[in-house]
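Just so it is clear, the model here is predicted, and its values are computed rather than measured. Per chain, numbering begins at 1; letters A, B, ... match sequence-line order.
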Amino acid sequence: MSEKQKAGIVAYGVYIPRLRITVEEIARVWEKDGKHVSAGLGLKEKAVGASDEDSATIAVEASRRAIEDFGITAQKIGAIYVGSESHPYAVKPTATIVSDALQAGPEVMAADLEFACKAGTAGVQMCLGLVKSKMIEYGLSIGADTAQGKPGDALEFTAASGGAAIIIGDKENEIIATIDHTCSYTTDTPDFWRRQHAEYPEHGGRFTGEPAYFRHVIGATKLMFKQTNTKAEDYDYVVFHQPNGKFPVQAANMLGIEFKKIEQGLITPYIGNTYSGSSMIGLCSVLDVVKPGQRILVTSYGSGAGSDSFSLTVTENAGKRKADVPVREMVNEKSYIDYALYVKHRGKINRG
Amino acid sequence: MSDGLALNWRRIPERYAMKGNHCTNCKQDYFPSRMICPNCRRKGHLVSKDMPRIGKIVSYTKVMVGPSGFENEGNYYLALIDLGSGAKVLSQIVDSDEQDIHIGASVKKMFRKIGEVEEKGAITYGYKFKVVKPLTEDQVEALKEKNKK
Amino acid sequence: MSKLRRVAMIGAGLTKFGEHWNLSFRELGTEAAIKAVENSNIDGKEIEAMYIGCMASGRFVGQEHIGALVADQLGLNPIPSTRVEAACASGGLALRTGYLSIASGEHDIVAVGGIEKMTEVTTAEAGFALGGAGDQETELFHGATFPALYALLAKVHMKQFGTTEEQMAAVSVKNHKNAVHNPIAQFRKEISIEQVMKSGYVATPLKLLDCSPISDGAAAVILAEIGLAKKLCENPVEIIGSTHATDSLALTGRKSLTELNATKVASAQLFHQTGLTPKDIDMAEVHDCFSIAEILAIEDIGFFKKGQGGPATEQGKTALDGEIAINPSGGLKGCGHPVGATGVKQAAEMFQQLRGEAGGRQVKEAEIGLTHNVGGSGATCVMHAFRLMENR
C-alpha cells in the first residue's frame, strides 16, 4: 500500500455493560470448582448485558462514544458495518439502528456482518478499503455482542456482552494510528457454529484450540510478519483475540512475544469474551496509552474460521486524541448479579 | 405496545436521537417536537433541534407494578428530567445505584430497548438515562464545543 | 351564566361499585339509569337526550358506540345519546355536557350517566388502558403507569413542602372511614395508617392503599330545566356552577409540578361564576385517584394553603365533622373508581347529601357542595357546584 494513501483509526469507543457475574457464581450452580475453572480460563468474571441491552444498543453506545469523544461529524460517515454473532434480528439489520441513532443516514452504506468473533475486524478492513479508495470520508465498524453460552456449557463461563466501535479516516490531523497493512488467513474449519433456529452455539471442545484458534491466529500473524517484513520485536503492543485469559498468552508465547506487550490489550480477564468486541476492545485499550511512533499488531480470530491481522503505527496525534474514559477504567464500573438474575436478564427463563 | 409499527417508526428521530424543536421567536425548546409553538402560536417559528443528552432529575419514582409490555422488567425507575432549555423528558433511569437517584442528580442519555415486546415482534429502542457525576463547567463547555462540530 | 337557563338534578341512581363478575357493561349502565329514573319519579319517556361518560370501553370490554347501545338497552331509541370521554373526568364532563344542553335551551330533561367495566381485563392490561389517559407516546411507552405519574408529583410535593407518607396515608384512612357508611362503596371497612404504610409500594412513595382500585360501576342522574324540575321534584338540587379546564397531557409540559393548573383554573372560574369563596363550601367530592391527588385538590381549590393539605388531613380538618367535609362518599379510594362513572357518582353524592339522604355519612347542615373530577394526571378538570333548591 502506497505511502501517500495513508488511512487509519481516527476515533474509537468502547461500551461494556455494567452487570457482572463471577465464574464462581456460575460454577456454584453447575456444582463445579469455581476457583479451578477460573484459574483454567484465566478470568474471574464476565460482563452481562441487562435485559434492555442487546448488540444494537451496545453498538450505538460504543459508536456514540467514538463520535463524541473524538468530535466526528456523524453525517460524514459513509459506511457503517456491525459485526456480531448476536444481532437482535435474524433478518433485519442492526446497522440501520446504529445509523439512525447516530443520525448518520440516510446517505450511508450499511450492512451487518457475521464471522463469529472477527466480524468487527472484517468491517474494519472493508472501511479501510473504502476510505483508501476515497469512496467515503469516514467508515465506522463495530464489533458488538451479547454472547450466549448454553447453560452449563463451558462457554457459559466466558461468553460476555460488550462492544467496540472504530472509525477509519484519512485526515492527517485526525489519524491516531495508521493502518499500515492488513491481511487475513481463512480456512473452512467447523470449530464453532450456530444453526439457523438454534438458541445456543455448538462447539468442538478441544477442537477449537490447536486446529482452529492457534492455527489461524499464528497463521495470520506470521503472514503479517512476512508481508510487511517485520518481526515480533518491531511491535510495542500486540493484541490477539481473547476467547479466555489463556489462549492469547499462549499464542504470544508461541510467537516469542513478551507478556508485557499483550498485557495492555488483554481485557477478557476482566469482562469475559465479548466475541466480536473482544480484539477490538483490546486494541482500544492499547490506543488509550500509546505514544507517537509506537507500533501495534492486532490479530483477531473468528470461528469457522479465520483471522484478520493489522499492523499499525501510532501518529503524533495520539497524545491529543484519546477516549474520555480509558477501557481499563471503564471495566471497573460494575455491579454484580447472581445466577438467577443473570438468567432473567439474558432471557434464559422459559416463561412458556 | 403490541403492533403500532408505523407509530413507532415515525418516532425514531425522537426516540433514538432525541430530536425536538425550538421556537426562534420565544427561544423555548420542545420535546417531542410540536407543530406549533404553544406560546407564540402562529407567530412562532419552529426549527428542528437535538435535545441535550444530559439533564437533571426533577422527580423520580421506583415503579413496582408495570403496565402490560413491562412484565419482564420487575422494578424500574422513572424520572422527570429537566433538559435545561425549557424542555423536560420522562424516561427510565438505568445503570444507577439507588442512593444516587435523587432530585437534582445529573443524568446522561443512554440508548436502550424500551419495554419488551413479544419474542417475534419488532423491537422498540429509545432513550433511557443513567445517573452520572455532575459535570464541571469546563466539561460542559468541552461538551458544547464537541457538539458544535 | 346569566343568559343560560338554570338546571337542577331531580334524581340519582348508582350501582354498587366493585367487582361485578355477573354483570356486563350494558347491564351496569342500565341498572344505574333505571334507579335514577325511579328516584326522580318520572316515567323515562320524558328524557330527551342522554350523555354518557366512559373512558375506555373499547380497551376494557371491546365495545365502542355506547351512546346508542345504552339508549337501546333502556328502550329510549331514537333519542340522541352521546358518549363523552375525558379519561377519568369523562363522568364529570358528561354531566357538564348534559347541563349545557339544558342551559342552552336545547333540551328540558336529559339523563347523564357514567359507566366503566374494568374487571374484564388483567391488572396489567387495565394499567395499559388507563395509561392512555396520559401521553401514550412519551409516558405510557416508557412504562409510566398512573400511580407512577402521581408518584412523580408526590415526590416533588414531599420535597418542597415536607408532605409525608403518613399524611398521604391519612387521606386513605379518612376516605375508608366515610365509605363504611356508603352502601355502594367497594370498601366498607376502616383501615389504619399502619395498614397503609405496610401495604407495599406500587410506585414510590405511593403504596397500594394510596391508590384507588380497579372497579366496575355505573352512576346516573336526571337533569331538568329549573321550572320543570320544581314541578317534577319536591327537593331538586340546583347545579349553580359548571367549569372545565385543560392542561398538557404529559407531565413534562406542566409549568409546576406542585399543583394541577387545570384545577386552579376550573375552581377560580367556579368561584367567579357562583360568587362563592372556598369558605362558603360545606363539602366537596374531590378526585382522590391517589392520596396525593386529594392533597393537591384541596390546596389548588383553595380550601387550604399550598403545602398545608397534608397536615390539614392529618389533623382531621377534612373529616365528615371537620372544617370542610372532603369526600363524604368515601371518594375514589373508598368507593372504588370505575373511571367513567366517578364524575357522575360525585354529583349523585351531592344530590343525596344536600337532600339529607346520606345516612351515616351525612354532612351536617350542608348547604353548598362542589365536585372536582380530574382526567389523567391533571390534563382535564371538571368542577360543579350544587345547592338545594328552596321549593316550598
Checklist line | Least distance between heavy atoms, C:His142 atom then B:Gln92 atom | finding: O-NE2, 3.4 Å

Check: Which bit of B:Tyr127 is near chain C, if near means a heavy-atom gap under 4.5 Å: side chain, backbone, both or neither?
Finding: both

Item checked: Between C:Val202, C:Thr123, C:Asp135, the one whose heavy-atom pairs under 4.5 Å with chain B are most numerous -> C:Val202

Next item on the list: Check whether any side-chain heavy atom of B:Lys88 lies under 4.5 Å from a side-chain heavy atom of C:Leu251, and answer yes or no.
Entry: no

Note to self: Looking at C:Phe141, I'd like to know if the NZ or CZ of B:Arg11 sits under 6.0 Å from its six-membered ring centre while staying within 45 degrees of the ring's axis.
What the structure shows: no

Check: Relative to chain C, which of B:Asn75, B:Val65, B:Asp82, B:Val58 shows the most heavy atom pairs under 4.5 Å?
Finding: B:Val65

Checklist line | Value rounded to 0.5 Å, distance of CG in C:Leu152 from CG in B:Leu90 | finding: 6.0 Å

Margin query: Could you report the tightest heavy-atom contact between C:Gly143 and B:Pro67, atom names first, then the distance?
Written below: O-CD, 3.9 Å

Item checked: Residue B:Ala87 versus chain C: region with a heavy atom under 4.5 Å -> neither

Next item on the list: Please report the closest heavy-atom contact between C:Thr138 and B:Pro32, naming both atoms and the distance.
Entry: CG2-CG, 3.3 Å

Check: So which part of B:Val89 gets closer than 4.5 Å to some heavy atom of chain C, the side chain, the backbone, both or neither?
Finding: backbone

Check: Where does C:Leu206 contact chain B at under 4.5 Å (heavy atoms): side chain, backbone, both or neither?
Finding: neither

Notebook entry, point to check: Just by modelled atom types, is the C:Lys155 backbone N or O under 3.5 Å from a matching donor or acceptor in the B:Ser59 side chain?
Noted result: no

Item checked: Minimum heavy-atom distance C:Ala144-B:Leu78, with the two atoms named -> CA-CD1, 3.4 Å

Margin query: Quick check on B:Glu98: does its CD atom have over 12 non-hydrogen neighbours (other residues, nucleotides or ligands) under 6.0 Å away?
Written below: no

Next item on the list: Answer with side chain, backbone, both or neither: which region of B:Leu7 has an atom nearer than 4.5 Å to a non-hydrogen atom of chain C?
Entry: side chain

Check: Counting only heavy atoms not in C:Lys159, do more than 12 sit closer than 6.0 Å to its NZ atom?
Finding: no

Item checked: Beyond-backbone contact of B:Leu80 with C:Val156, side-chain heavy atoms, under 4.5 angstrom -> no

Notebook entry, point to check: Would you say B:His102 has more than 12 foreign heavy atoms packed within less than 6.0 Å of its NE2?
Noted result: yes

Margin query: With a 3.5 Å distance limit and no angle check, can you tell me whether B:Thr61 reaches the backbone of C:Thr204 through a side-chain donor-acceptor pair?
Written below: yes

Check: Which atoms of C:Leu149 come close to chain B, meaning under 4.5 Å heavy atom to heavy atom: side chain ones, backbone ones, both, or neither?
Finding: side chain

Checklist line | Contact winner vs chain B - C:Ala250, C:Ala203, C:Gly127, heavy-atom pairs under 4.5 Å | finding: C:Ala203

